[in-house]
Asks: 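Dropping a structure here in structure tokens format, bear with me for questions.
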Amino acid sequence: MEKKKGKMPTLLDFADKRSQPNLGIEEIIAKEVSAKNEKEQMVHNANQSTRTTTESETKLLWYSIIDEAVINNAHLLSYYYDSERNTALLCFYDEDRNTLVYWYDKTDHKPYFIVSEEPTEAEKLIPKDLKGRVVSLERIEKVNPLSMKKEKYTKITVTDPLAVKELRGRFRDSWESTIKYHQNFIYDRRLIPGYKYKVSGKILAPVEIGSTSAKDLRTVFDGESEEVQRFAEELYGLFELPPPIPKMVAIDVEVYSPYANRLPNVATAPYPILSIAIAGTDGRKKVLAISYPHASKSPIKDKFLGEIEVEIFDSEHAMLMEAFRILGDYQVIYSYNGDNFDLPYLRNRARVLGFRPQEVPIREFQDYYTFKRAIHIDLYKVFENKALKTYAFGGNYRENTLDSVAMSIIGVGKVKIEESPGMLGISKLVEYNYRDAEITLALVTWKNFLTWKLLILLSRLTKTGIEELSRSQISNWIRNMLYWEHRKRNFLIPKQEDILKHKKEIKSKAIIKGKKYAGAIVLDPPVGVFFNILVLDFASLYPSIMKVWNLSYETVNPSYECRNLKEIPDVKHVVCMDRKGMTSLMIGTMRDLRVKVYKKKSKDKNLSNEQKEWYNTVQSALKVLLNASYGVFGSDAFALYAPPVAESVTAIGRFTIMSTIKKALALGLRVLYGDTDSMFIWNPEKEALTKLVGEVEKEFSLDLEIDKEFRYVAFSGLKKNYLAVTNSDEVVIKGLLGKKRNQPEFLKSSFSEVIVMLKEIKTPKDFSEIHDKIKDKVKEIYRRLKNMGYTLDELAFNVMLNKDIDGYVKNTPQHVKAALLLKNFDRRLVKGDIISYVKVKNKEGVKPVAMAKLSEVDVDKYLEIARTTFEQILKTINISWEDIEGVARLESFFGK
DNA sequence: GAATTCGCACAGCCAT
DNA sequence: ATGGCTGTGCGAA
């Protein structure tokens with residue numbers, strides 16, 4: 001056998017690297033299994049032609065035990081249910097030794113659920129064959145939040161989570177039986193994922209934060225109840241603890257595929273893995289590859305390709321061995337789409353190649369994959385998350401592909417290739433493969449580990465392990481956060497139907513058909529340009545309303561006796577003010593902390609840049625949660641769905657803004673426009689403003705703030721549709737067609753050319769001067785369009801498929817028509833893809849860019865589109881489209 | 001696998 | 001043909 005470049009790992013390598021080993025999730029099982037398999041193992045190893053693995057080496061590779069150690073700085077990152085042991089299994093990052101530590105529950109916690117029958121009665125309902133799995137039936141007391149009374153229930157404790165599933169249907173009523181066991185464990189033990197613990201035997205003690213909170217919080221929460229102050233302090237503790245920064249790595253796998261545009265089947269993993277790229281926070285830049293037929297197309301001269309270390313193996317088996325060994329150095333492993341591809345493929349391919357289960361460091365769970373000795377975060381799931389995308393990552397990327405996300409976040413995309421990876425020469429393959437790992441890692445290291453820190457903070461806030469957090473949407477996070485709080489207060493966690501039964505029906509009517517209840521108010525804006533406009537808005541209006549009006553699912557329309565009932569305007573719901581509602585407390589406090597503490601800290605000149613950055617991440621994490629905190633109550637997918645709560649929030653919002661506008665008018669302020677929580681005021685008088693803010697604060701306990709000061713605002717007369725320039729020359733464009741991402745490039749770019757001109761306007765006088773220039777510009781665009789002076793790409797609409805193609809049953813929109821044409825060309829099209837098409841003069845009216853010719857473009861259609869787009873601007877400055885069209889026509893008529 | 005409603009533009013579909 | 005309604009995508013809040 002010819003010796004290839006690259007070194008084979010030796011036993012010594014393993015020993016050195018493992019002087020500080022991570023603790024294996026499978027250590028116990030593995031020990032047992034490996035003893036049993038020893039013989040088989042040796043036979044198996046002997047069969048491996050490319051390298052021999054000794055039995056002791058295999059054992060050392062994966063399993064090592066530190067079970068009774070005391071670990072002082074252990075960050076709780078993730079947790080699982082271990083079915084072999086029947087216990088919760090917690091995964092900590094040990095800061096001191098830079099490893100992961102796995103801790104089996106030693107507190108004898110068991111799965112359970114709650115029923116209403118008396119224990120004797122309940123026992124009769126348990127079938128014989130399940131009796132053995134029932135540990136105990138116990139009478140307990142819990143506060144039912146819907147009745148606000150202590151009520152008696154029976155707690156049925158069982159041996160395993162599956163027993164809960166099998167038993168729960170046999171009772172009249174059951175509660176808390178659909179909560180995942182490992183999550184249940186977190187709630188009951190009041191553990192805070194993302195937080196730091198001292199682990200010793202059966203004790204998990206949270207690390208204390210020095211009580212520096214007093215000074216920071218006192219003034220802000222001075223008038224608040226003790227309950228609120230306590231909650232604020234708890235949260236404060238979560239924010240003050242610095243985040244752990246373990247050793248992290250990003251991986252990406254390239255697989256041979258005989259089909260150009262298709263990845264091979266993951267389940268059977270029939271084709272070889274060509275290469276594995278590894279980019280670590282420790283500076284490791286490495287690609288492992290096998291030698292494959294096309295490799296020689298672009299050979300690599302030495303061990304390195306630029307900075308990338310390349311190691312070529314003559315067996316795929318050996319390559320996987322080495323990759324698995326390297327990954328053992330890291331506590332957190334990132335992938336992009338690893339749950340759906342890289343991890344299962346690695347795992348299944350390894351099995352195909354003859355690896356034994358315990359040799360494969362990848363673990364399969366019901367809905368994701370992870371590593372046995374490392375946390376796995378699939379960044380595709382993170383950057384796909386709607387709440388994070390919009391409120392934390394800027395919302396600038398449309399497609400959730402690695403290329404488009406990385407482009408938007410770090411400005412670097414994938415390496416473009418024309419062929420499938422297996423057809424590339426090795427040098428190109430390595431470059432391509434490594435770039436993927438590199439940009440995946442960059443999505444995390446970006447802005448000093450912002451992504452990771454955000455996940456850690458959200459993990460702490462919502463009591464959700466980082467692996468689950470990174471894979472679930474915001475309703476899940478908020479549910480976990482509230483469930484944890486229920487347990488803390490010994491509240492029964494109600495079922496969705498319990499809440500719905502108690503809360504009565506919806507009282508308002510939505511404007512839009514198909515919506516459940518009425519939302520916000522939008523004022524009709526005027527048409528034209530207005531100078532000196534000040535925008536007032538309520539600082540996080542909906543969360544503030546929930547706070548001030550004590551809105552919570554258990555306080556709205558209470559079915560218990562209430563001394564102090566308050567009516568909700570417009571919707572005829574009532575809210576009980578007797579005691580603080582749970583969500584009102586939590587959301588209100590989070591809101592205050594964000595607005596009054598962390599936004600300020602993030603700009604505090606006395607703090608270091610690093611501290612400011614951290615506090616900015618804190619306020620951003622809070623923002624993500626707060627923005628969804630009202631919406632989830634209006635979503636039937638939310639476990640604590642409470643439509644009257646959502647409806648009350650918007651009703652109070654309408655009431656508040658209308659009352660405020662009335663006050664403003666009474667003070668002589670000219671309100672031109674408003675949307676939900678904002679008011680555009682023309683030429684305001686300082687005094688009246690101050691007065692208004694004071695009255696609103698006094699009457700509604702809401703903060704009215706100056707949001708923007710515009711030199712001028714150009715209103716098109718349409719709602720949610722205007723252009724404005726601030727006194728500091730910042731252009732703000734809302735809703736205008738020329739800004740929409742699916743519009744053709746020629747429109748967007750010519751639109752921004754006009755915007756540049758508008759930016760120059762300082763006074764009403766300038767307007768008349770710029771008037772003609774804008775007119776000329778638009779005319780020019782019109783002419784160019786008439787003469788087809790644009791390329792197909794510039795003319796293309798780019799519209800997203802929000803469903804898979806066969807999901808469009810009611811009608812066939814244009815982008816779907818184009819997609820169907822593309823499908824004939826064997827282009828794989830799925831939900832989330834963006835279709836580029838142009839409007840043409842055939843029966844269908846559209847063609848994909850890839851198939852169209854410039855000559856068949858429907859010019860008239862494009863002229864129409866240009867018209868509506870520019871009209872939104874032209875209207876404001878009193879130019880009519882007829883002016884443009886008419887003159888342009890005359891000119892071209894006489895000019896040629 | 002799941003935060004909400006309001007608003008705009010356009011094409012498709014159906015009835016007149 | 002015309003007009004109203006619906007479905008769809010994308011944005012504002």
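Just so it is clear: chains get the letters A, B, ... in the order the sequence lines come, proteins before strands, and each one is counted from 1. Every heavy atom of this structure was used, including side-chain atoms; hydrogens, water molecules and symmetry mates were not.
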Asks: Regarding A/R398, tell me which of base, sugar-phosphate or nothing describes its non-hydrogen contacts under 4.0 Å with the strands shown.
Replies: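 Sugar-phosphate, no base atom in range.
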Asks: Roughly, in whole Å, what's the span from CG in A/N721 to P in B/dC10?
Replies: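 A/N721 atom CG is separated from B/dC10 atom P by 12 Å.
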Asks: State which of B/dT5, C/dA13, C/dT8 makes the closest approach to the side chain of A/Y630.
Replies: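 The nucleotide sitting nearest to the side chain is B/dT5.
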Asks: Would you say the side-chain atoms of A/S584 pair up with the backbone N or O of A/K547, donor to acceptor, closer than 3.5 Å?
Replies: yes
Asks: Decide yes or no, distance alone: a donor-acceptor N/O pair under 3.5 angstrom between the base of C/dC10 and the side-chain of A/K740.
Replies: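 Per atom types, the contact qualifies.
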Asks: Round to a whole Å and report the spacing from CG of A/N802 to C1' of C/dC10.
Replies: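 These atoms are roughly 9 Å apart.
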Asks: Where the side chain of A/T868 is concerned, which of B/dA9, C/dG9, B/dG7 is the nearest nucleotide?
Replies: B/dA9
Asks: Taking atom types as they are modelled, would you say the side chain of A/Y722 forms a donor-acceptor pair with the base of C/dA12 within the 3.5 Å cutoff?
Replies: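 A donor-acceptor contact between them is absent.
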Asks: Which label fits A/Y790 and A/F746: parallel for a plane angle under 30°, tilted from 30 to 60°, or perpendicular past 60°?
Replies: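 Ring orientation, 0 to 90° scale: tilted.
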Asks: Output yes when a side-chain donor or acceptor of A/E730 lies under 3.5 Å from a complementary backbone atom of A/V725, and no otherwise.
Replies: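 No: the side chain of A/E730 does not pair with the backbone of A/V725.
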Asks: For A/Y722 and A/Y673, take the angle between the two ring planes, folded into 0 to 90°, and tell me which bin it lands in: parallel under 30, tilted 30 to 60, perpendicular over 60.
Replies: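 The rings of A/Y722 and A/Y673 stand perpendicular, inter-plane angle above 60°.
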Asks: Over all strands shown, is A/Q872 touching base, sugar-phosphate only, or nothing at heavy-atom distances under 4.0 angstrom?
Replies: sugar-phosphate
Asks: Using a heavy-atom cut-off of 4.0 Å across all strands, would you classify A/L736 as base, sugar-phosphate, or nothing?
Replies: nothing
Asks: Just to be sure I understand the rule, does A/G631 reach a base, reach only the sugar-phosphate, or reach nothing, if contact means heavy atoms closer than 4.0 Å?
Replies: base
Asks: Need to verify one output field. Residue with the more 5' nearest nucleotide on DNA chain C, A/H815 or A/D677?
Replies: A/H815
Asks: 5'-most contact on DNA chain B: A/Y517 or A/N811, nearest heavy atom basis?
Replies: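 In this pair, the answer is A/Y517.
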Asks: Regarding A/Y808, tell me which of base, sugar-phosphate or nothing describes its non-hydrogen contacts under 4.0 Å with the strands shown.
Replies: sugar-phosphate
Asks: Can a side chain N or O of A/K720 be found less than 4.0 Å away from OP1 or OP2 on C/dA12?
Replies: no
Asks: Mind checking if A/A646 touches a base, just sugar-phosphate, or nothing, with heavy atoms under 4.0 Å?
Replies: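 No contact.
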Asks: Classify A/S678 by what it touches in the nucleic acid, base, sugar-phosphate, or nothing, heavy-atom distance under 4.0 Å.
Replies: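 Here A/S678 touches no strand at all.
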Asks: Quick one: is B/dG1 close enough that its OP1 or OP2 comes under 4.0 Å of any side-chain N or O from A/R471?
Replies: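 It does not, given that no N or O in the side chain of A/R471 lies less than 4.0 Å from OP1 or OP2 of B/dG1.
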